[in-house]
Asker: 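The structure's right below; bear with me while I get my questions together.
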Amino acid sequence: MIIRLLAANRSERKISIGLCLALIWAILSLHTNCSSIPVSEGGFSHSKLDRDRLTLSDTDTPPADRHLHADHYPASNERRLDLFRSRIEGLGGGYIGVGTDQNLTLVAWAKSDYAYLADFDPVTVAINRIHLYFLELAPNYREFEKLWDVKNKKETLVLLEKKFASDPEYKVILSAYEISLRKGGVPQRLGDLKKISSVYPFKSFHNDPADYDFLRNMVIEGRILAIDGNLLGNKTFRSVGEKAVSVHIPIRILYTSNAEEYFRYPEDMRRNFLSLPTDDKSLVVRTLTKGAKRFGFPDGEMFPKDYPFHYNIQTMENFKIWLKQPGALSTIGILSKRKEIVKGFSVVEALPDEEPKNTAQK
């Protein structure tokens, strides 16, 4: 690496603290899988973050077989995301998450500096691209919702053609749009958000203009991107880590939905998580269906008898210690050390060889 330093007086050349930290981090990242960088030192301001700056050099190729229970998941069915809010609100920093609309809720609460919506299903990625396009078009949530209304399908298809006709993924985007209008799709989810908010303290971009405006500004400024990404791949997550280093802003939220429970943390998956530059505020935010009845699930779940969710957070510092343990690892194993906060929501603070301290709030 060659660094050229310019100074008026060669005898008094000084390297800025920010540059020193960036150089030290770059060197350390070559030798370790677990490090942290502070947001406040040398971080880019919003005005310096845009699509060009945040575009990744390489991403994972979507796998042919995803081994999921359904072909596609066009919308979230995690109803009690409000349980996460107090833990992630105002965290800032970088964000990487899988899935669709739930990311919008979490990003708005965290006030993330930049965000990557990554998924290994091209349909999910396409739906996220449509979400971002509609956020750009619609000055408020009411207009955003109209763009997803099946009654306006003819007009919406014209808009999609205008935006994406020359895009290599245009056919996938059209297919994704059709899939998103089916039962369990985006319009149903948007309606469900209203129902949830009438019962639980769930304020998000659908009923909080400030959250909606925050997301829309992120889109307009190019600070939120929909990308291909595979938890088992070896490109996307590591490229995100490299990008976080280059802008000097660590990843503050890794949102995995319930994807972790499908795997036993094989080597590439561990490396992906370990390679993310994080700090002492960084969290992994997850849900689980496996073990949810044993761990507990909150009121209001969509499928309480068959597929309820348990909601959990863990600091990235703690998570990385677990990931460095030899042998097989599972979400069931990690959650065995959980500390219950309220019904259906827990935090993992204990290390693999420690016992959790339960202080549940009833």
Side-chain angles (χ1 to χ4, degrees), residues 46 49-62 71-76 95-105 107-108 112 114-182 184-191 193 204-206 209 211-229 236 239-240 243:
H46 288 176
L49 292 176
D50 55 28
R51 176 171 290 276
D52 290 339
R53 179 73 189 177
L54 294 172
T55 296
L56 302 181
S57 59
D58 207 359
T59 57
D60 300 312
T61 300
D71 291 335
H72 307 288
Y73 294 91
S76 174
Y95 176 103
I96 181 167
V98 304
T100 53
D101 59 272
Q102 64 268 57
N103 290 291
L104 302 179
T105 291
V107 167
S112 302
Y114 61 91
Y116 293 99
L117 314 186
D119 208 274
F120 66 172
D121 180 3
V123 168
T124 298
V125 177
I127 290 172
N128 282 333
R129 293 185 67 186
I130 297 171
H131 273 312
L132 300 185
Y133 178 46
F134 287 177
L135 281 165
E136 179 183 356
L137 287 179
N140 53 58
Y141 178 76
R142 183 179 179 182
E143 297 301 315
F144 175 85
E145 190 176 27
K146 285 181 180 178
L147 292 170
W148 278 114
D149 193 329
V150 68
K151 295 177 182 178
N152 301 321
K153 180 178 178 180
K154 183 177 180 180
E155 294 82 358
T156 298
L157 283 171
V158 172
L159 293 172
L160 292 177
E161 181 180 15
K162 182 179 180 181
K163 174 69 174 180
F164 298 110
S166 60
D167 192 293
E169 299 298 313
Y170 181 48
K171 290 184 178 180
V172 177
I173 290 170
L174 287 183
S175 175
Y177 174 67
E178 295 290 344
I179 291 171
S180 70
L181 297 183
R182 298 174 186 170
V186 177
Q188 181 177 324
R189 172 63 172 180
L190 297 182
L193 289 177
S204 183
F205 67 97
H206 67 288
D211 277 3
Y212 184 87
D213 290 345
F214 180 84
L215 290 170
R216 186 165 187 261
N217 287 333
M218 282 193 77
V219 174
I220 292 172
E221 294 168 4
R223 294 189 288 115
I224 181 168
L225 284 69
I227 59 173
D228 293 313
T236 296
S239 292
V240 168
K243 190 62 66 176

Asker: Kindly determine whether Leu117 and Leu225 satisfy side chain to side chain contact (heavy atoms under 4.5 Å, CB included), including the steps that lead there.
Answerer: CA-CA 6 Å; Leu117 314 186; Leu225 284 69; over 6 Å; no
Asker: Please determine which of Leu49, Asp213, Val107 meets the side-chain contact (heavy atoms from CB on, under 4.5 Å) test together with Met218.
Answerer: Val107
Asker: With heavy-atom distances below 4.5 Å as the criterion, would you say the side chains of Phe134 and Val219 are in contact?
Answerer: no
Asker: Do the side chains of Phe205 and Phe144 get nearer than 4.5 Å, heavy atoms only?
Answerer: yes
Asker: Which residue pairs satisfy the salt bridge (Lys or Arg N to Asp or Glu O under 4.0 Å) criterion with at least one member in residues 148-162, sequence neighbours excluded?
Answerer: Lys153-Glu178
Asker: So, taking the atom named CD in Gln102 and the one named CG in Leu193, what distance separates them when rounded to the nearest 0.5 Å?
Answerer: 10.5 Å
Asker: With Asp211, which residues qualify under salt bridge (charged side-chain N to carboxylate O under 4.0 Å, His left out), at least two apart?
Answerer: Lys111
Asker: Which distance, rounded to the nearest 0.5 Å, do you find between the OG1 of Thr124 and the CD1 of Ile179?
Answerer: 9.0 Å
Asker: Ala226 and Leu132: which non-hydrogen atoms are nearest, and at how many Å?
Answerer: N-CD1, 4.0 Å
Asker: Applying side-chain hydrogen bond (donor to acceptor under 3.5 Å, both in side chains), name anything that partners Gln188, two or more places apart in sequence or on another chain.
Answerer: none
Asker: Identify, with sequence neighbours excluded, every residue that meets salt bridge (charged side-chain N to carboxylate O under 4.0 Å, His left out) alongside Asp167.
Answerer: Arg129
Asker: Run the side chain to side chain contact (heavy atoms under 4.5 Å, CB included) test against Asp58 and tell me which residues pass, sequence neighbours left out.
Answerer: Lys235, Ser239
Asker: Return the minimal non-hydrogen interatomic distance between Gly184 and Pro74, and the atom names on each side.
Answerer: O-CG, 4.0 Å
Asker: Are any side-chain N or O atoms of Asp121 and backbone N or O atoms of His72, one a donor and one an acceptor, separated by less than 3.5 Å?
Answerer: no
Asker: Phe164: what forms a ring-ring contact (aromatic ring centres under 6.0 Å, His included) with it, not counting sequence neighbours?
Answerer: Tyr133
Asker: Residues in side-chain hydrogen bond (donor to acceptor under 3.5 Å, both in side chains) with Tyr114, at least two apart?
Answerer: none
Asker: Under 4.5 Å between any side-chain heavy atoms of Asp50 and Arg223, yes or no?
Answerer: no
Asker: Please name all residues satisfying side-chain hydrogen bond (donor to acceptor under 3.5 Å, both in side chains) with Asn128, sequence neighbours left out, ordered by chain then number.
Answerer: none
Asker: Between Thr156 and Leu147, is there a donor-acceptor pair closer than 3.5 Å when you use the side chain of the first and the backbone of the second?
Answerer: yes
Asker: With sequence neighbours excluded, tell me which residues meet salt bridge (charged side-chain N to carboxylate O under 4.0 Å, His left out) with Asp101.
Answerer: Arg189
Asker: Just verifying a value: how many Å separate Phe214 CZ and Leu104 CG, rounded to the nearest 0.5 Å?
Answerer: 11.5 Å
Asker: Would you say that Val125 contacts Ile227 through its side chain, given a criterion of any heavy-atom pair below 4.5 Å between the two side chains?
Answerer: no
Asker: Taking only residues two or more places apart in sequence or in another chain, which ones pass side-chain hydrogen bond (donor to acceptor under 3.5 Å, both in side chains) with Asp228?
Answerer: none
Asker: Can you tell me how far apart CG (Leu160) and OH (Tyr170) are? Round to the nearest 0.5 Å.
Answerer: 7.0 Å
Asker: Out of curiosity, Trp148 CH2 to Asn152 CG, how far, rounded to the nearest 0.5 Å?
Answerer: 12.5 Å
Asker: Can Ile127 and Asp119 be said to form a side chain to side chain contact (heavy atoms under 4.5 Å, CB included), step by step?
Answerer: CA-CA 11 Å; Ile127 290 172; Asp119 208 274; over 6 Å; no
Asker: Judged by atom type as modelled, is there a donor-acceptor pair below 3.5 Å linking the side chain of Asn103 to the main-chain atoms of Thr100?
Answerer: yes
Asker: Show me the donor-acceptor pairs, under 3.5 Å and distance only, between side chains in residues 136-143 and residues at least two apart or in other chains.
Answerer:
{"unit_1": "Asn140", "atom_1": "OD1", "unit_2": "Arg142", "atom_2": "N", "d": "3.2"}
{"unit_1": "Asn140", "atom_1": "OD1", "unit_2": "Glu143", "atom_2": "N", "d": "2.9"}
{"unit_1": "Glu143", "atom_1": "OE2", "unit_2": "Lys146", "atom_2": "NZ", "d": "3.4"}

Asker: The criterion is ring-ring contact (aromatic ring centres under 6.0 Å, His included); which residues satisfy it with Tyr177, sequence neighbours excluded?
Answerer: none
Asker: Between Lys243 and Leu56 (side chain of the first, backbone of the second, donor and acceptor by atom type, cut-off under 3.5 Å), is there such a pair?
Answerer: no
